[in-house]
Engineer: 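Quick one: the structure is below, questions incoming.
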Amino acid sequence: MSTIDIQLQHRIEQFYYREAALLDKREYQQWLLMLAEDIHYVMPSRYSPQRDIEKRGQESFLALKDELESPSPATAPMREENIFTIALRADRAYKTNAWGFNPPARTRRIVGNVMIEVSENEKEYSVNSNFILYYSRHRNDNFIYSGQRNDTLRDYDGQLVVARREVILDWNVIEAPSVGLFF
Amino acid sequence: MATGHHFTVSDYVNDDASYIHRGVFTDERVYRRELERIFSCNWLYLCHESQLQKAGDFLTTFMGETPIIVALGHDGKLHASINSCRHRGLPVCRTDSGNAKRFVCPYHNWSYTVEGELSAVPQEKYLQNPPDKSSLGLKKVPRLESYRGLIFGSFNEHIESLDDYLGDQKFYLDLYFNRFPEGIEVIGEPHKWLLNANWKLPVENQLGDVAHGPYLHNSLIEKDSDAVHEINNHGLNCVAKAGHGAALRFMPEDSDPKDIAWGLEGFGMVMNPGMEQYLLEVQKSAASRIGEIGARCKGLTFGVYPNLSFLWSNSTLRVSHPRGPGQVEYWSWWVVPKDAPDDVKEALRINYNLLFGPAGMLEEEDSEAWTQQYIGSRIPDARDQRYYYGMGLGEDGNHPDLPGLVGSCFNEHYARQFYLRWRDEMDDIDKINVE
């Protein structure tokens with residue numbers, strides 16, 4: 001693994017902190033500007049599959065990807081969105097009759113473990129990060145989401161944008177009323 | 001209410017079910033009774049036949065709170081067993097689905113065939129009197145039957161056939177499950193999520209509660225849109241048999257085939273123009289499979305008593321698994337016409353996971369309503385305020401073309417019929433009150 005320039009690490013971490021701050025402040029319209037117009041935003045569903053006995057004793061026996069249903073004609077992923085559907089969700093937050101946002105979400109995002117991979121395309125970075133998201137709305141209905149984000153960030157005229165995001169949640173049975181939040 | 005009065009079912013549901021007591025959704029004793037009288041006595045949906053293809057294929061699910069393994073046996077038959085070892089009760093299967101030769105309990109490695117027979121007890125060779133394995137198989141679900149690939153099980157050995165249980169609801173199920181030339185298939189694993197709501201609220205919603213659409217979901221569904229006008233003008237709530245329901249648009253005889261064919265498209269149509277072509281082709285031949293009347297029906301929501309739902313436009317089957325009076329483990333599966341091209345299937349999936357399911361924009365509003373209804377049902381000083389279920393009372397009746405009792409899509413008779421059946425099945429609830 002090649003060394004990541006500390007300035008690049010700093011730049012990408014600052015990008016994520018700004019993103020988390022905008023989302024926690026409910027400034028979703030500002031946040032949309034951090035996304036590429038051709039963004040793919042996916043959340044595989046996650047289940048408990050039977051393991052391949054041939055792989056016993058090897059790390060691939062427990063491969064995380066075997067638990068995920070990413071978009072394909074043979075799968076049922078949890079989310080597969082584009083800029084249009086993401087914007088639709090963002091717009092709804094500011095309507096008086098979008099009852100899933102009334103009262104509005106109180107969220108707190110902690111993003112960490114930011115790992116950058118150098119890609120062949122020098123204008124794109126593959127970045128893995130972890131998050132904890134605390135979510136509260138009604139009275140004492142509080143939920144904690146934990147997961148991983150696998151992003152492709154694109155350097156677009158000196159500005160970073162999210163070109164692809166895969167969100168992997170750590171539940172089998174989801175314990176929160178919605179996973180339609182912005183992760 | 002006078003002190004010492006024991007609630008009877010009539011206090012919970014009045015004689016025409018126009019008033020429903022809040023305790024129906026919250027009382028622990030009602031819930032315990034439901035597990036015995038509703039979930040252990042009726043046909044419950046297990047899975048679709050497309051999910052089990054080869055001998056040894058299995059999946060795990062629930063009947064009420066009871067964990068179940070459904071497997072295709074080496075005898076070519078379906079088997080459903082309780083996922084709990086006869087020795088100390090641990091689950092013998094720990095995965096959601098797969099293909100197995102044996103299910104092995106982790107504790108002492110008792111192992112079972114996929115058909116549920118006890119095949120090995122490793123310690124038996126050290127015993128003088130080994131256990132009689134033939135009597136120690138997993139507890140079987142005694143009745144398994146299917147209709148159009150939908151597999152149901154029942155713990156009630158004496159229950160009527162699934163065919164009789166569904167009755168004329170088969171006509172309504174056929175509208176979707178027999179509409180397509182090669183039938184339908186379930187793709188992928190189910191989505192599963194917990195909601196702090198009573199299990200009957202999601203069921204009731206999808207038995208025929210079309211009326212809430214442009215109100216609860218007004219941020220997405222305009223009251224003045226063509227789609228809403230079509231529902232207002234042609235929407236019907238059909239109850240083939242108490243407890244089942246079918247909400248649909250019954251389109252006029254002279255309708256343009258396009259106006260009837262659509263109804264599955266939603267957002268997907270915007271994403272994929274190829275869907276239009278596919279659905280129109282299906283519509284052209286639909287009458288040959290489901291009759292002229294059937295081919296004029298554009299479905300909305302369907303329910304099979306007690307806890308199976310199907311959403312037409314959103315390509316999803318769902319089951320409301322009870323987890324106590326105030327919690328439901330809701331499961332949804334993606335279901336599509338088997339012969340549809342992959343890109344059409346994927347376009348249909350947008351309606352499934354963008355609008356419904358745990359990330360669904362519409363469903364997050366439904367689950368909001370269901371969880372808030374549960375909170376409302378627990379208000380101590382409102383216990384004397386029964387819910388009004390009388391919308392459209394007396395306004396339903398026979399229909400010249402469609403089976404069962406039919407009312408407008410604003411008529412809550414689908415819910416009244418559900419709760420009248422529920423009342424019948426819960427009948428001697430006052431007995432457990434004395435315990």
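Since we're looking at a predicted model, the values are computed, not measured.
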Engineer: With chain A, which of B:E363, B:Q372, B:R349 has the greatest number of heavy-atom pairs at distances under 4.5 Å?
Structural biologist: B:R349
Engineer: Check whether A:S72 gets within reach of chain B through its side chain, its backbone, both or neither, counting any heavy atom under 4.5 Å.
Structural biologist: backbone
Engineer: Using a 6.0 Å distance limit plus a 45 degree cone around the ring axis, check whether A:R79 lies over the aromatic ring of A:F183.
Structural biologist: no
Engineer: Shorter than 4.5 Å, heavy atoms on both sides: which option in B:E329, B:E364, B:K192 has the most such pairs with chain A?
Structural biologist: B:K192
Engineer: Given the options B:N196, B:N99, B:T371, which has more heavy-atom pairs under 4.5 Å with chain A than any of the others?
Structural biologist: B:N99
Engineer: Checking side chain to side chain contact (heavy atoms under 4.5 Å, CB included) for the pair A:D155/A:Y125: CA distance, chi angles, key distance, verdict?
Structural biologist: CA-CA 8 Å; A:D155 196 335; A:Y125 308 105; 4.1 Å; yes
Engineer: With a 4.5 Å limit on heavy-atom distance, are the side chains of A:Y94 and A:F101 in contact?
Structural biologist: no
Engineer: Please state whether the side chain, the backbone, both or neither of A:N172 comes within less than 4.5 Å of a heavy atom of chain B.
Structural biologist: both
Engineer: Name the option with the most non-hydrogen atom pairs under 4.5 Å to chain B; the candidates are A:A176, A:G100, A:P177.
Structural biologist: A:P177
Engineer: Checking side chain to side chain contact (heavy atoms under 4.5 Å, CB included) for the pair B:H217/B:D366: CA distance, chi angles, key distance, verdict?
Structural biologist: CA-CA 8 Å; B:H217 306 304; B:D366 290 310; 3.1 Å; yes
Engineer: If you count heavy-atom pairs within less than 4.5 Å of chain B, which of A:K95, A:E175, A:M78 leads?
Structural biologist: A:M78
Engineer: Assert yes or no for the condition that the ring centre distance of B:H79 to B:Y112 is strictly below 6.0 Å.
Structural biologist: no
Engineer: Establish, for the pair A:R149 and A:Y16, whether the NZ or CZ atom is under 6.0 angstrom from the six-membered ring centre and no further than 45 degrees off its axis.
Structural biologist: yes
